[in-house]
Amino acid sequence: TSTQGRLDTFFKVV
Amino acid sequence: MLEARLAQGNVLKKVIDSLRDLVNEANFEFTPSGITLQSMDSAHVILVSLLLRADGFDNYRCDRTIPVGINMASLSKIIRAAANDDAITLRADDNGESLNLIFEAPNAGRVSDYELKLMDLDVEQVALPDMSYDVTVRMPSEELQRVCRDLSAVGESVTINATKESINFGVKGELGSGSIAIRSTAPVDKKEGVSISMRQPADVSFSLKFLTQFTKATPLSETVRLEFSNECPMLVEYPIGDMGYIRFYLAPKVDD
């Protein structure tokens, strides 16, 4: 099973 | 004061068509070097990054950076009134309250002028790292559109991997499973060709729903570039002629 990842775990919010 | 004129107004129409289902509200940044946009959905699953360079316009004047806050549904309604062969001019004063859109028919027999009310948006921006991906694929954009359409009938998420010979898309669902391999071609066939470069293998999994939404940009470009690495967001880039690009980033599915 898998869940949808989030971009803010990869890209820094500025 | 900013003014940007594009004789090929249909490019702008296609850009807005690509964005309107993914972006509700966004700031277009008008800068002296061109127009940019960055927008992320509220669930932080997808990010859109647009660049239209100033030198790609027939006329471009912008003295300083002006954020132009736009409701995409409203812009889409107005730009639909431009015919495909109309020239489109965007014009705004420094006060940032409204954007004028002027559509001119090629024979200059019709000039339409619309004013779009702007919004004061406080939007989250992210710093996009200069990523180096393990796999880069260039393929016809219509083939990616077809893969998404066909596999969506079978399941909700697609697994993607590549070898030097092909890029492989697979899906599983309640009714069964399916896969499509797009084979790499000789470097000679540029536009219709498929090129794959790989530093190391990657096997990734993404939501087909979002990938399908990205393919709304298919009319913008005959080719699309996919870049991916294990457990990283995928980059899907449609070049916009020589003037820029629309890039989509999609967060991967992660194993529990």
Side-chain angles (χ1 to χ4, degrees), chain A, chain B residues 22-23 27 29 36 38-49 122-133 155-160 170-173 203-211 213-214 227-236 247-256:
Chain A
T1 57
S2 61
T3 52
Q4 179 61 56
R6 288 171 59 97
L7 286 174
D8 47 8
T9 58
F10 302 95
F11 300 147
K12 193 174 146 204
V13 177
V14 290
Chain B
L22 292 167
V23 178
N27 275 333
E29 297 272 341
T36 65
Q38 191 196 91
S39 175
M40 198 161 43
D41 68 322
S42 57
H44 292 193
V45 175
I46 58 146
L47 186 145
V48 184
S49 172
D122 186 18
V123 286
E124 234 174 15
Q125 296 278 300
V126 300
L128 289 171
D130 202 3
M131 305 247 301
S132 168
Y133 295 88
E156 289 178 357
S157 71
V158 60
T159 56
I160 307 174
V171 66
K172 282 182 188 158
D203 199 319
V204 290
S205 189
F206 295 98
S207 158
L208 262 175
K209 183 181 82 174
F210 294 113
L211 205 52
Q213 285 179 327
F214 300 167
E227 300 217 42
F228 54 92
S229 301
N230 281 333
E231 293 169 13
C232 279
M234 177 165 63
L235 168 63
V236 181
R247 288 179 180 161
F248 302 100
Y249 294 85
L250 176 56
K253 295 257 186 180
V254 287
D255 290 337
D256 289 332

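A, B, ... follow the sequence lines: proteins, then strands. Residue 1 opens every chain. These figures come from a predicted structure and were not determined experimentally.
- The two atoms that bring B:Ala251 and A:Gly5 nearest to each other are CB-O, 3.3 Å, heavy atoms only.
- Here the closest heavy-atom approach between residue A:Gln4 and residue B:Pro252 is recorded as NE2-O, 3.6 Å.
- Here A:Leu7 is the residue among A:Leu7, A:Val14, A:Thr9 with the most heavy-atom pairs under 4.5 Å with chain B.
- When every heavy atom of A:Phe10 is checked against every heavy atom of B:Cys232, the shortest pair comes out as CE2-CA, 4.0 Å.
- A:Phe11 has its ring centre less than 6.0 Å from the ring centre of B:Tyr249.
- Considering every non-hydrogen atom in both B:Ala43 and A:Arg6, the closest pair reads O-NH1, 3.4 Å.
- Counting heavy atoms of neighbouring residues, nucleotides and ligands inside a 6.0 Å radius, atom CD of B:Glu231 does not exceed 12 of them.
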